[in-house]
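Structure record follows, encoded as structure tokens.
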Protein chains: 2
Amino acid sequence: MPTPRRAGAERAGPEANGGPQTAAGRPRSEEAHRAILDATLSLLVEVGYSALTVEGIAQRAGVGKATIYRRWPSKLPLVVEAFGDLPAFEEADTGGLASDLDRILRSYVRVYNTTPLGAVVPSLAGELPHNPQLMDLFAPVVKQRRQPLIRALHRAIERGEIPPDTDLDLAADMIVGPMTVRVFFTPGKLSPKIVPAMIALALDGLRRGGAAGSAGS
Amino acid sequence: MPTPRRAGAERAGPEANGGPQTAAGRPRSEEAHRAILDATLSLLVEVGYSALTVEGIAQRAGVGKATIYRRWPSKLPLVVEAFGDLPAFEEADTGGLASDLDRILRSYVRVYNTTPLGAVVPSLAGELPHNPQLMDLFAPVVKQRRQPLIRALHRAIERGEIPPDTDLDLAADMIVGPMTVRVFFTPGKLSPKIVPAMIALALDGLRRGGAAGSAGS
DNA sequence: CTCTTACGATACTATACGTCTCGTTCCTTT
DNA sequence: AAAGGAACGAGACGTATAGTATCGTAAGAG
């Protein structure tokens with residue numbers, strides 16, 4: 001328990017950012033907010049997650065540590081929110097699954113190669129098995145990110161390109177799996193050269209019902 | 001530089017474990033060695049890598065911290081060695097690629113479900129992008145682990161089951177990718193039900209040259 | 001103009017890594 | 001059997017970081 005005497009205690013508390021300040025007083029600086037998120041991302045690129053320190057973020061953003069902890073309860077949610085600000089994958093509706101996949105997967109490669117995504121994803125994934133609340137935080141973001149792919153598969157079913165009983169989540173795992181493995185275990189730039197191979201493999205398999213929901217008996 | 005005055009300093013140093021003690025004196029306890037590795041694995045299962053502490057390992061193993069640092073220069077190599085002690089995936093040579101994959105992938109599921117592998121791999125992978133020396137440590141172990149799969153693919157090429165220009169590493173990534181994604185983002189037990197789907201998908205794609213080394217134009 | 005809150009700064013507590021030094025134990029050599 | 005040397009468990013120590021608490025100040029709301 002802290003001393004009952006508190007001078008400038010926060011009222012909004014470290015709940016979800018943007019929690020409305022209940023009443024008058026100096027409003028939270030939107031500028032500081034952005035500076036913190038920007039500093040987090042740029043430091044992630046430079047030093048990686050494990051070497052990321054809150055003091056380093058505060059210093060680069062030009063804010064005090066308390067200003068960070070006033071908005072995020074710990075380092076992890078901050079990184080998760082910064083992660084959510086990274087560019088999304090491209091939406092593609094070209095009329096055919098093959099060309100949709102080509103567009104989408106190439107945007108995966110582009111995003112992985114030009115943002116800290118490749119560094120952040122493994123770091124956060126490594127925490128998942130033992131941090132259920134991070135799971136709650138992270139799952140919707142991951143789900144959101146794969147929507148373009150899910151929607152492309154959905155349209156392919158409607159066009160009759162792949163079997164109607166295809167398990168969309170499993171199919172999506174199969175399509176992005178190879179790329180994900182490379183991102184995790186082969187740090188460095190991802191070559192766009194693997195995209196055609198991934199598409200050829202996935203397309204053939206999917207058309208033949210390789211990801212049918214009932215395949216597992 | 002330490003003080004020149006040293007009472008009971010180690011001579012073998014923290015090099016590769018098993019470095020021969022050069023001369024007389026009390027030999028290193030093999031019992032302590034195993035207790036440390038076992039404690040490392042069991043703690044990994046319980047608290048995960050990020051919450052793993054050397055002091056905790058020492059306490060559970062019933063040894064002093066110095067006994068750990070006498071063998072491993074830091075926490076990372078210790079974890080990597082403990083990781084290397086996990087059971088390998090099954091070797092399968094049944095005469096056909098489909099049945100080989102079935103055996104191998106089912107052993108993947110079994111190992112993931114009965115050992116801490118699913119918790120350790122994401123944790124370590126998360127450190128990779130910004131820790132080159134862990135990369136050097138970890139890469140050979142990972143390579144070793146996928147040999148049964150690589151050999152099965154190699155035999156499939158010799159039998160003419162898949163195109164001779166198949167890129168073995170890429171093909172292996174494609175086969176284990178979906179399962180890996182699920183291990184990383186969906187903690188919990190892996191269902192063997194996805195194995196047939198994975199095989200159907202991969203096999204079709206591979207036979208048609210989906211992982212040809214030249215596919216990328 | 002005043003009140004309230006956020007601000008940057010910084011001291012503080014707690015924890016962990018990795019180093020070092022104890023006194024003790026136990027194997028090897030003579 | 002005796003002596004010596006190295007590893008042993010224990011834990012103090014220095015450094016670094018997470019996260020908390022408190023300062024005096026700045027700034028918007030009423």
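Chain A is the first sequence line, chain B the second, and so forth, proteins listed ahead of strands; every chain is numbered from 1.
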Legend entry - For DNA chain C, the residues among residues 54-64 of chain A that have a non-hydrogen atom under 4.0 Å from it: Gly62(A), Val63(A), Gly64(A)
Legend entry - Neighbours of DNA chain C within residues 40-53 of chain B, by heavy-atom distance under 4.0 Å: Leu52(B), Thr53(B)
Inset, instruction - Please name all residues satisfying salt bridge (charged side-chain N to carboxylate O under 4.0 Å, His left out) with Arg34(B), sequence neighbours left out, ordered by chain then number. - result: Asp38(B), Asp85(B)
Distance test, side-chain N/O of [X] to OP1/OP2 of [N], below 4.0 Å:
| X | N | result |
| --- | --- | --- |
| Thr67(B) | dG9(D) | yes |
| Arg70(B) | dC8(D) | yes |
| Arg71(A) | dC7(C) | yes |

Rounded distance in Å - [atom1] ([X]) to [atom2] ([N]):
| X | N | atom1 | atom2 | value |
| --- | --- | --- | --- | --- |
| His33(A) | dG8(C) | NE2 | P | 13 Å |
| Leu76(B) | dA16(C) | CG | P | 18 Å |
| Glu31(A) | dA6(C) | CD | C1' | 14 Å |
| Arg26(B) | dC27(C) | CZ | P | 7 Å |
| Tyr69(B) | dC20(C) | OH | P | 13 Å |
| Ile68(B) | dA16(C) | CD1 | P | 14 Å |
| Ile36(B) | dG9(D) | CD1 | C1' | 11 Å |

Legend entry - Approximate separation, where rounding is to 0.5 Å, of Leu149(B) CG and Asp100(B) CG: 9.5 Å
Inset, instruction - Determine the contact category for Lys75(A): base if any of its heavy atoms lies under 4.0 Å from a base atom, sugar-phosphate if only primed atoms, P, OP1 or OP2 are that close, otherwise nothing. - result: sugar-phosphate
Legend entry - Listed once per pair and sorted, the side-chain hydrogen bond (donor to acceptor under 3.5 Å, both in side chains) pairs that draw on residues 142-152 of chain B, sequence neighbours left out: Glu91(B)-Arg151(B), Arg146(B)-Asp173(B)
Inset, instruction - Would you please name every residue forming a side-chain hydrogen bond (donor to acceptor under 3.5 Å, both in side chains) with Asp93(B), sequence neighbours left out? - result: Arg155(B)
Legend entry - By ring-ring contact (aromatic ring centres under 6.0 Å, His included) - contacts of Phe185(A) (at least two apart): none
Legend entry - First of Lys65(B) and Ala32(B) reached from the 5' end of DNA chain D, by closest nucleotide: Ala32(B)
Inset, instruction - Would you kindly say whether His33(B) and Arg28(B) are connected by a side-chain donor-acceptor distance under 3.5 Å? - result: no
Inset, instruction - Using a strict cut-off of less than 4.0 Å between a Lys/Arg side-chain nitrogen and an Asp/Glu carboxylate oxygen, indicate whether Arg110(A) and Glu90(A) qualify as a salt bridge. - result: yes
Inset, instruction - Compare the minimum distances between each of dA26(D), dA9(C), dG18(C) and the side chain of Ala66(A), then state the nucleotide with the smallest one. - result: dA9(C)
Inset, instruction - Could you give me the CA-CA distance, side-chain angles and deciding distance for Arg103(B) and Thr94(B), then say whether side chain to side chain donor-acceptor pair (under 3.5 Å) is met? - result: CA-CA 9 Å; Arg103(B) 284 272 294 279; Thr94(B) 63; over 6 Å; no
Inset, instruction - Validate the cation-pi geometry between Lys75(B) and Tyr49(B): distance from NZ or CZ to the six-membered ring centre under 6.0 Å, angle to the ring axis within 45°. - result: yes
